[in-house]
Each structure stands twice: as structure tokens, then as C-alpha cells.
Amino acid sequence: MAVAVRELPLDLDAFEGPFDLLLTLVLREELELADVDVAEIILAFLERLEERGALDLEGCGEFLVLVAALLELKARGLFPGEELDFEDLDSEEAASELAERLAAYRRFRAAAGWLEERLESESERFFRTGPAPLAPAPARALAPQDPQALVVALRALAAEPPEPSLGHLVLSYPPVSRFLERFRALLRTRGGFSFDREVDRLTRPEQIVAFLALLELRKRGELALGQAGPLEPITVWSAISAS
Amino acid sequence: MERNLRLVENPVDRLARTVEALLVIAAKPLSVDELAAATQDEPDRVETAIGLLGSRYREGRSGIVLERVAGGYAFRAAREAADACARLVERPVQRNLSQAALETLAVVAYLGPVSRPEIARIRGVAADSAVAGLVERGLVAEAGRDGEGGAVRYETTPLFERVFGLADRAELPELEELAGDAGDLRARLEDVAARRGA
Amino acid sequence: MERNLRLVENPVDRLARTVEALLVIAAKPLSVDELAAATQDEPDRVETAIGLLGSRYREGRSGIVLERVAGGYAFRAAREAADACARLVERPVQRNLSQAALETLAVVAYLGPVSRPEIARIRGVAADSAVAGLVERGLVAEAGRDGEGGAVRYETTPLFERVFGLADRAELPELEELAGDAGDLRARLEDVAARRGA
């Protein structure tokens with residue numbers, strides 16, 4: 001029996017309800033994606049999968065595509081104003097840098113939680129922030145200033161901003177469509193191929209995207225998959241030749 | 001027996017502590033009515049509490065003195081501490097302006113009269129606290145509004161000219177390569193700020 | 001004779017009264033050095049006087065409480081008077097701090113001085129309105145620019161430490177200690193994997 005991915009019930013800090021409602025709210029920007037813990041969603045799915053006992057490739061495929069989309073949205077949010085470069089491939093360092101960044105964000109979110117609790121526990125402390133009503137009024141004197149400092153300040157405001165050097169942080173991976181086209185071409189010309197051999201020389205981010213493309217084609221019924229056992233090579237056939 | 005009596009708290013004591021607390025956080029003198037409203041107690045009980053505090057917080061006995069002024073009651077420093085208080089509030093002559101103050105002042109001096117939203121666009125950050133600081137120091141002052149119901153505009157003051165050693169505003173140093181009419185300069189600054197993103 | 005003895009004053013008493021006077025008029029917490037400068041006395045004698053005041057101005061005994069906060073000492077209202085204080089004054093600084101504001105505040109508190117683009121990179125969303133709100137509340141302030149023409153950088157203010165009741169910034173918990181749940185997550189994932197494998 002298939003795991004109904006879209007109806008997957010979620011009970012997160014920021015959201016409670018079915019998975020597809022969460023996606024809808026995120027896309028409508030009614031839910032801050034930064035508040036959504038994707039790891040919790042994955043755990044919920046794995047636990048549901050565990051309950052069902054049987055592996056459901058269809059469900060897993062759909063889930064991977066949806067979670068990948070969610071992660072991509074989240075990744076984009078981490079680089080505001082920067083276009084992710086889909087063409088220029090990147091190394092695994094980018095992925096680990098992103099993981100590092102997510103861990104850092106997690107820590108600051110925990111720090112925000114600490115501050116919130118502190119605010120609550122300190123809410124009974126009242127104090128005056130301005131001068132006392134009968135305090136003597138302070139006199140503020142300023143030493144003579146050089147008018148040239150104004151020109152320097154204005155010139156700095158007119159200076160061209162330095163180029164941000166974030167190249168090494170940009171997460172980049174190819175679009176799924178590239179592999180869709182490549183696999184369709186292989187199926188047309190050869191009727192089938194070994195997935196492992198095709199992706200052998202690719203970087204890990206590329207391999208992940210290639211795998212997503214494979215699942216997508218399987219979902220559309222364009223191909224059939226075969227595997228002797230877990231972690232064994234995956235063989236791919238054209239759905240037409242297989243039937 | 002006598003011991004027990006001393007341990008039973010006088011109910012006005014607690015009210016006096018609350019009044020004490022209110023007076024130490026208040027930004028202005030508090031009237032009996034205001035104190036009664038905040039403590040949700042009777043005005044005559046509040047007056048009794050004030051009497052209690054008045055005998056505790058008085059010259060010679062405490063550094064904090066309860067004073068009755070036009071608007072009500074407030075704490076002040078004891079007279080014996082006047083010199084120390086004068087040393088506390090008297091600020092040494094400040095040598096330099098902060099970067100935020102200097103930038104804001106430069107924008108007002110060269111582009112003024114200019115509104116806070118315009119300053120914010122040019123500097124790329126909200127200008128409220130920087131402008132408020134310069135107004136408080138008397139270096140910048142309001143100069144009418146940007147059209148009817150528009151934003152308040154600011155210009156530099158005679159004190160600004162004195163501090164910067166200028167006979168008048170026409171004596172501001174030349175901007176050289178930035179020169180041109182004020183509109184061009186403003187557009188250029190806003191353009192750079194937009195690209196800086198902050 | 002006994003009468004005379006009572007009139008001989010402990011010299012620290014007078015200093016304590018002066019410190020008391022300074023604290024009641026101060027607009028912000030005062031450090032031992034600032035108190036020593038204003039009283040023209042020795043820092044260790046000032047600390048003795050503070051000890052004396054601390055035992056007098058404490059919760060349960062007085063409506064005025066002496067606390068060590070934001071790198072100095074300040075008077076505040078006793079907690080038992082919190083309800084009356086809340087009726088007297090609003091706390092705009094603390095009201096409605098959103099999740100975005102708290103996260104931004106956390107980043108500035110731990111990493112400051114830090115610019116808006118840097119905050120945005122950590123939080124994953126633009127930080128402009130959150131930073132502007134915190135500046136308006138006085139919890140965060142400008143601290144120069146990130147090089148010439150660079151972005152404005154921000155740091156937390158003494159008011160931040162005061163509002164959050166921190167003696168100083170070192171009282172913030174270690175970031176690493178706060179991140180305890182990452183390990184927990186890994187353990188749960190491994191647990192699920194083990195059950196699947198079995």
C-alpha cells in the first residue's frame with residue numbers, strides 16, 4: 001500500500017497538518033520556510049515508511065522530489081539576492097558549506113529561543129531608561145571639527161561598493177531537466193543503461209540530481225528500474241521495450 | 001510579645017515599597033492620584049506612605065531625597081552629593097563624531113534641506129536615531145516640511161558652522177569630482193546605496 | 001557618651017550615600033570606575049559602599065533594588081511592584097519582539113559588529129526590517145561600516161543587556177551548548193536506520 005506522501009501528517013514546531021498544506025503555505029509565503037525543520041519532515045516520512053513495512057518506490061520518489069524542492073527553496077533563502085548558478089558545477093565543499101550554514105542557523109535559532117525565555121523571566125524587572133526627572137541637565141560640548149571630514153564622508157557614500165566575494169559559498173547544481181533529456185536520449189538510442197556507470201564520474205550533487213531525474217521518469221512511466229538488492233547497481237530500461 | 005509585634009508588617013510598609021519602586025522608575029514627578037492609580041490603593045493611604053518615605057529619604061540621612069515639586073513627588077540626589085553628581089553628568093568635550101553622525105551631517109550639509117526618508121535612502125539605513133542625535137546636539141534643526149503634510153526636512157544650524165569653523169554654509173569645502181548640481185549628486189548617492197544593499 | 005558614639009560616622013557610610021545619589025539620577029548603569037571618578041574615591045572603597053547598598057536595596061526588603069547589570073550597577077523596581085509598574089509605564093522595548101527580531105538580535109549579540117548582509121546570510125531571509133525595528137527599540141545600534149563604502153555594521157547596546165538582565169555579554173550561553181539537538185537528531189536518524197536494517 002502506497003504511503004500517501006501528500007497527506008503525510010506533520011507535527012512540527014512551526015506547523016501542524018498534512019505535508020501538501022505545508023507546501024501550499026510555503027509557496028504562498030504564509031509560512032516562513034526558515035521556521036520549517038526539513039529534517040523533522042524526513043523523520044516523519046521515514047517513520048511512516050517503517051510502519052508500512054514495504055518499500056514504496058512511487059511514494060519515495062514523490063517524497064524526494066518534494067523535499068528536494070523544499071530544500072532548494074531553503075537554500076535560495078540562504079543566499080538572498082544571489083542567483084544560484086545552475087550551469088556551473090560545484091564540488092562537495094559547497095554541500096558541506098551549506099550543511100555548516102544550516103547548523104549555524106540552528107544554533108542562532110536556539111539562541112533566539114534562549115533570549116525569548118530570558119525576556120519572559122525578566123519581565124518583572126522594571127527600570128528607568130531616560131534621565132531622572134530631577135537630575136541636573138548634561139551639557140554636551142563638541143571639539144572643533146575639520147570640514148574636510150564631511151567631504152571624506154560624502155565621498156565614501158558615493159564610492160562604488162566592493163564586490164561581494166561569496167563565490168566559494170554558492171551552492172550550485174545542474175537542473176533536473178538536463179538529466180531528464182540525457183536519460184531520454186539514452187533510452188531512445190540504447191533502450192536501457194546502467195545508472196551507476198552513467199553517474200560514476202559526476203560529483204555528489206550531480207549524482208543526487210541525476211537520481212531525482214530517474215525517479216521523475218519512473219513516476220511518469222517512461223522507464224522501468226531493476227536492482228538485484230540494496231546498494232546493488234541500478235539498471236534502467238525504456239518502459240516501452242520493457243512492456 | 002513585643003518581638004511578634006515587630007514582625008507583623010505594617011500594611012503601609014508594603015505600599016511604601018511599591019511607591020518607592022514607582023518613583024525610582026518614573027521619568028517625571030508622580031502625583032498622589034497617579035500613584036494611587038498605579039498601586040490601586042486609596043489616595044490618603046498613598047499620602048501616609050509618602051510621609052513614611054519622606055522621613056526615610058531626607059537630607060543628612062540618605063543620598064536619595066524625596067522631593068515635592070509642582071507635578072507631584074520625585075527622588076533627587078542629596079545636596080551633599082551635588083559635586084559628585086555634577087562630575088557624573090558633565091561630559092568631557094567630545095573629540096569626534098561617530099561615523100553615522102558624520103555621514104548624516106555631510107548629507108544634510110551638502111544636500112539640505114533634506115528629509116529623514118531621503119537621508120535613509122542615501123545612507124542605506126534608517127536615519128531616525130542619527131538625525132535625533134544631531135538635533136539633540138543642536139547641529140541640525142527642522143526646516144519646514146517637504147510640501148504640505150510631507151516629511152519634516154532638516155538643515156544645518158549656526159552651531160554647526162561654528163563647530164566646523166565656517167563663516168557660513170557657502171564656505172563648505174568643494175566636492176571636486178562629485179561636484180555638479182545637488183540633484184545629480186543625490187541621484188548618484190541613492191544609486192550607489194541601492195547597489196550596496198545596506 | 002553613647003550619644004556621641006552614634007554620631008561618629010563610618011566613613012564608608014557617607015560614600016555609600018553619594019553612590020546612592022549618583023545611582024538614583026543616572027540614566028544608565030554606572031561602572032565602578034565611573035562611580036570612583038564621580039566620587040573621587042578609591043574603586044575598592046566604592047565596591048565596599050556598593051556591598052553596603054546591596055544589602056539594603058534588595059528584594060523583599062526595599063521597593064528599590066540594586067542590581068549588577070550591563071557592566072555596572074543600577075537601581076530598578078522590586079519584582080513585587082511589577083504589577084504597579086506595569087500600570088504606570090509601558091515597555092515598548094520588549095513588547096511584540098517577533099521571532100525574526102529575536103533571531104536577528106541573537107546574531108548581533110553573538111557576532112556583532114555584524115552587517116545586514118551577514119545577518120541575512122545566516123538567517124536565510126533579508127534582515128532589513130528586523131534590524132530597523134531593533135534599532136528603533138534601542139536594542140541594537142550602528143557600529144561603523146565594513147570598510148570604506150561597505151555595509152553598516154551593528155552591535156547590541158547596553159540597553160540590550162539591561163532589558164535581558166545580563167551583567168555583561170559574557171553571560172550569554174555558549175552557542176555550542178545551545179545546539180544540543182543536532183546530535184539528538186542524528187541519534188534518531190540512526191535509530192530509524194537500524195530498525196529498517198533489522
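Numbers restart at 1 for each chain; the letters A, B, ... are given by sequence-line order, proteins then strands. Every heavy atom of this structure was used, including side-chain atoms; hydrogens, water molecules and symmetry mates were not.
Within the 4.5 Å cutoff, the side chain of C:V69 has heavy atoms near those of the A:R125 side chain. Contact annotation: the side chain of C:V140 never approaches that of C:E155 to less than 4.5 Å [non-hydrogen atoms, C-beta and beyond]. Under the 4.5 Å side-chain criterion, counting only non-hydrogen atoms from C-beta, A:L12 is in contact with A:I41.
Among C:A86, C:A100, C:A74, the residue making the largest number of heavy-atom pairs under 4.5 Å with chain A is C:A86. Comparing A:A111, A:A159, A:G113, A:P131 by how many heavy-atom pairs each has under 4.5 Å with chain C, the most go to A:A111. By number of non-hydrogen pairs under 4.5 angstrom with chain A, the leading residue of C:A81, C:A77, C:A101, C:A106 is C:A106.
The contact between A:L115 and chain C is made by backbone and side chain atoms together, counting heavy-atom distances below 4.5 Å. Contacts between C:L166 and chain A at a heavy-atom distance below 4.5 Å involve backbone atoms as well as side-chain atoms.
For the salt bridge (Lys or Arg N to Asp or Glu O under 4.0 Å) test, residues two or more places apart in sequence or in another chain that qualify with C:R76 are C:E59, C:E67. Residues passing the ring-ring contact (aromatic ring centres under 6.0 Å, His included) test with C:Y57 are C:F75, sequence neighbours excluded. Checked against ring-ring contact (aromatic ring centres under 6.0 Å, His included), C:Y154 has no partners two or more places apart in sequence or in another chain.
Contact between C:S62 and C:R56 at its shortest, heavy atoms only, is CB-O, 3.7 Å.
With rounding to the nearest 0.5 Å, the separation of OG1 in C:T104 from CD in C:Q99 is 9.5 Å.
Interface with chain A: from residues 20-49 of chain C, residues C:V24, C:I25, C:A26, C:A27 qualify, criterion being any non-hydrogen pair under 4.5 Å.
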